[in-house]
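Below: the structure, in structure tokens.
Values reported hereafter were calculated over all heavy atoms of this structure, with side chains retained and with hydrogens, waters and symmetry mates removed. Sequential numbering from 1 along the given sequence is applied to the chain's residues.
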Amino acid sequence: MKKYLIETWGCQMNEHDSEKLAGMLASMGYLECDEKEDADLIVYNTCCVRENAELKVYGNLGHLKALKKERPDMIIAVCGCMMQQAHIVEHIKNKHPFVDLIFGTHNLHNFPVLLANCKEENKMLVEVWDEEGDIVEGIPVIRKYGLKSFVNIMYGCNNFCTYCIVPFARGRERSRKPEDILDEIKGLIKNGTKEITLLGQNVNSYGKTLDNSVSFAELLYMINEVKGLERIRFMTSHPKDISDELIKAIKECNKVCEHIHLPVQSGSNRILKAMNRKYTKEQYLKLIDKIKKEIPNISITTDIIVGFPGETDEDFNDTLDMVKKVEYDGAFTFIYSVRKGTPAAKLEEQVPEDIKHDRFNRLLDTLHPIVEEKNKEFKNEILEVLVEGESKNNENILMGRTRTNKVVNFEGSKALTGSLVNIKISKPKKFSLYGIIVE
Ligand code: SAM
Ligand code: SF4
């Protein structure tokens, strides 16, 4: 039997695409393996959101050169967001000519055909579509985590934040039909899934491209009715599109978890405008107030970029102020990375690297004590935890998450994996909670 290895960079969307690649390979009779040396096929599923991710892919490709020389029959395929950019495909053609197959995000479903064609050819096969086609349903999927599954509800993005390459790599926004989403979720539950995360670049604008328009809130109500499902999560929400109807749905749907990931990106109105985010600092704070008032125990996380072109110390201080005012439960923090083809890449006032790094460290110095303080609030609280299995660092300790997406560690039998348990928090830590099982 032929063996494959897939390496994935980037977001949950990419991870889920890799689950589809694995599903297609399994239906072609391939088996997964752990070592490159054992693989007949290596697939790199790439991310282009920041330069770092791209450099890692190039570095990894460089390492494959010797292996390919030793085993010329091994097939190397590269796909994902990076491949949607012509200059990157050119770079791979020139620097890594031993790659056998290049394809993009829009023709992922054609992978079996592309692989078969590539085996017939003696040269690199490149097939990247510039435009997205119709949504293709029914692609086989191998889920990496049975208990928790990702479900795409939409693809692409129409927002064109000026720093972001995603609308160019993933195309325009398009939504899956509710019945297709519900069928997928019901199938997942039959196979043991307890928690789903609904994925989209901006889930709040779900449904706009459907013939019979359905809002994201309406979709949540429908999914909440699915029997056997315990928890519903979703990401990502764009602050400009959060409706009262959605806040009400989060509040009323008992399976929708009390956690919202609401990327702010910056706390400066000047920078938010330059980023094309379409909200002000004041509007964002007002929204946070409204959400906290309606759902008092909600946890709020965010994405923040430091060093966007033209960002001054004053702008950066506005971001720190935002972090203090919102009191985030967590944040993904990023140093601005120039992305060729985006409007921000052409701006002249790029912030020097040392200043970006300094601001990044200051951001973490502000954020981490807030996250730690928020965790302390859970001391002696009893929280519902979905047990995910043994902790990575300690086999005798179990790990799970609260509805608010906090990691909790506790002692218990591995047999509890997949069940919901109540944990009394005895020791809040910096980035996690520790507790004991109670009845
Ligand atoms: N659609 C989601 C949203 O609007 O929040 C997230 C998409 S993006 C893959 C995830 C995060 O990467 C963004 O929220 C942003 O903070 C960050 N990001 C995107 N482009 C970036 C860039 N050029 N430099 C640094 N960070 C970037
Ligand atoms: Fe990128 Fe903005 Fe779309 Fe998110 S909403 S994917 S940050 S363009």
Side-chain angles (χ1 to χ4, degrees), residues 1-48 53-85 88-129 133 136-146 149-150 152 169 191:
M1 257 183 159
K2 296 259 185 211
K3 293 189 184 140
Y4 76 88
L5 183 144
I6 302 175
E7 269 193 48
T8 312
W9 286 267
C11 62
Q12 287 89 344
M13 203 71 86
N14 258 19
E15 277 193 39
H16 188 38
D17 279 353
S18 288
E19 292 181 331
K20 291 179 189 165
L21 290 168
M24 289 187 268
L25 284 168
S27 48
M28 284 183 264
Y30 275 79
L31 276 183
E32 191 181 14
C33 66
D34 296 328
E35 303 294 333
K36 291 188 182 96
E37 288 68 23
D38 298 333
D40 300 291
L41 165 70
I42 294 180
V43 186
Y44 282 170
N45 186 6
T46 65
C47 165
C48 61
E54 287 185 356
L55 296 179
K56 280 186 198 151
V57 171
Y58 290 145
N60 275 267
L61 276 177
H63 289 138
L64 287 186
K65 189 176 176 183
L67 195 60
K68 177 77 179 173
K69 211 167 182 182
E70 251 173 55
R71 299 181 44 217
D73 287 345
M74 176 184 75
I75 291 182
I76 300 175
V78 193
C79 63
C81 294
M82 272 172 82
M83 301 309 118
Q84 289 299 134
Q85 295 164 87
I88 288 186
V89 173
E90 272 317 296
H91 179 92
I92 293 180
K93 278 185 187 166
N94 293 328
K95 298 276 181 196
H96 308 285
F98 54 87
V99 167
D100 300 286
L101 170 63
I102 290 182
F103 60 103
T105 56
H106 301 318
N107 57 343
L108 179 117
H109 58 280
N110 273 353
F111 178 49
V113 176
L114 294 169
L115 190 59
N117 291 348
C118 143
K119 284 180 185 164
E120 311 251 297
E121 303 240 350
N122 266 334
K123 56 180 181 12
M124 185 190 288
L125 174 66
V126 180
E127 197 170 317
V128 179
W129 295 0
V136 179
E137 294 292 347
I139 300 176
V141 181
I142 288 192
R143 304 277 169 177
K144 218 167 173 184
Y145 320 96
S149 296
F150 298 130
N152 278 121
N191 289 318

Is it the case that over 12 heavy atoms from other parts of the model lie below 6.0 angstrom from the CD atom of Glu121?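 Counting neighbours around CD of Glu121, more than 12 heavy atoms of other residues, nucleotides or ligands fall under 6.0 Å, so yes.
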Using salt bridge (charged side-chain N to carboxylate O under 4.0 Å, His left out) as the criterion, list what pairs up with Glu127, not counting sequence neighbours.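 Once residues adjacent in sequence are excluded, Glu127 has no partner under the salt bridge (charged side-chain N to carboxylate O under 4.0 Å, His left out) criterion.
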Which residues share a salt bridge (charged side-chain N to carboxylate O under 4.0 Å, His left out) with Lys119, sequence neighbours left out: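 With neighbours one apart ignored, the set is empty.
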Least distance between heavy atoms, [X] atom then [Y] atom:
X: His106; Y: His109; result: O-CE1, 3.3 Å
X: Phe150; Y: Glu15; result: CE1-OE1, 3.9 Å
X: Ala26; Y: Ile142; result: CB-CD1, 3.4 Å
X: Gln84; Y: Ala169; result: CG-O, 3.2 Å
X: Ala53; Y: Cys47; result: CB-O, 3.7 Å
X: Trp129; Y: Asn110; result: CZ2-ND2, 3.4 Å

What pairs of residues pass the ring-ring contact (aromatic ring centres under 6.0 Å, His included) test when at least one of them lies in residues 55-79, not counting sequence neighbours?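 Only Tyr58-His91 qualify under ring-ring contact (aromatic ring centres under 6.0 Å, His included).
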With a 4.5 Å limit on heavy-atom distance, are the side chains of [X] and [Y] in contact?
X: Asn152; Y: Lys20; value: yes
X: Leu64; Y: Tyr44; value: yes
X: His96; Y: Val78; value: no
X: Lys95; Y: Leu61; value: no
X: Phe111; Y: Val43; value: yes
X: Leu41; Y: Leu115; value: yes
X: Leu5; Y: Asp38; value: no
X: Cys79; Y: Leu21; value: yes

All side chain to side chain donor-acceptor pair (under 3.5 Å) counterparts of Asn14, not counting sequence neighbours: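 Partners of Asn14 by the side chain to side chain donor-acceptor pair (under 3.5 Å) criterion, ordered by chain and then number, come out as Arg170.
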When rounded to the nearest 0.5 angstrom, what is the spacing between CE in Met13 and SG in Cys81? 9.0 Å
In Å, rounded to the nearest 0.5 Å, how long is the span from CG of Leu25 to CG of Leu31?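 The CG atom of Leu31 is 10.5 Å from CG of Leu25, to the nearest 0.5 Å.
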Mind jotting down which residue pairs meet the side chain to side chain donor-acceptor pair (under 3.5 Å) criterion with at least one end in residues 2-13? Sequence neighbours excluded, please.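 Output for this query lists Glu7-Lys36, Thr8-Ser18.
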Val57 and Glu54: side chain to side chain contact (heavy atoms under 4.5 Å, CB included), yes or no, with the steps? CA-CA 5 Å; Val57 171; Glu54 287 185 356; 5.8 Å; no
Just list the side-chain donor-acceptor pairs under 3.5 Å for residues 66-77, sequence neighbours left out, or say none.
unit_1	atom_1	unit_2	atom_2	d
Lys68	NZ	Pro72	O	3.1
Lys68	NZ	Met74	O	2.5
Lys68	NZ	Asp100	OD1	3.1
Lys68	NZ	Asp100	OD2	2.9
Arg71	NH1	Glu37	O	2.7
Arg71	NH1	Ala39	O	3.1
Arg71	NH2	Ala39	O	2.7

Verdict with supporting geometry, Ile88 and Thr46, side chain to side chain contact (heavy atoms under 4.5 Å, CB included): CA-CA 11 Å; Ile88 288 186; Thr46 65; over 6 Å; no
Check against side chain to side chain contact (heavy atoms under 4.5 Å, CB included), Ile139 and Met24: CA-CA 7 Å; Ile139 300 176; Met24 289 187 268; 3.8 Å; yes
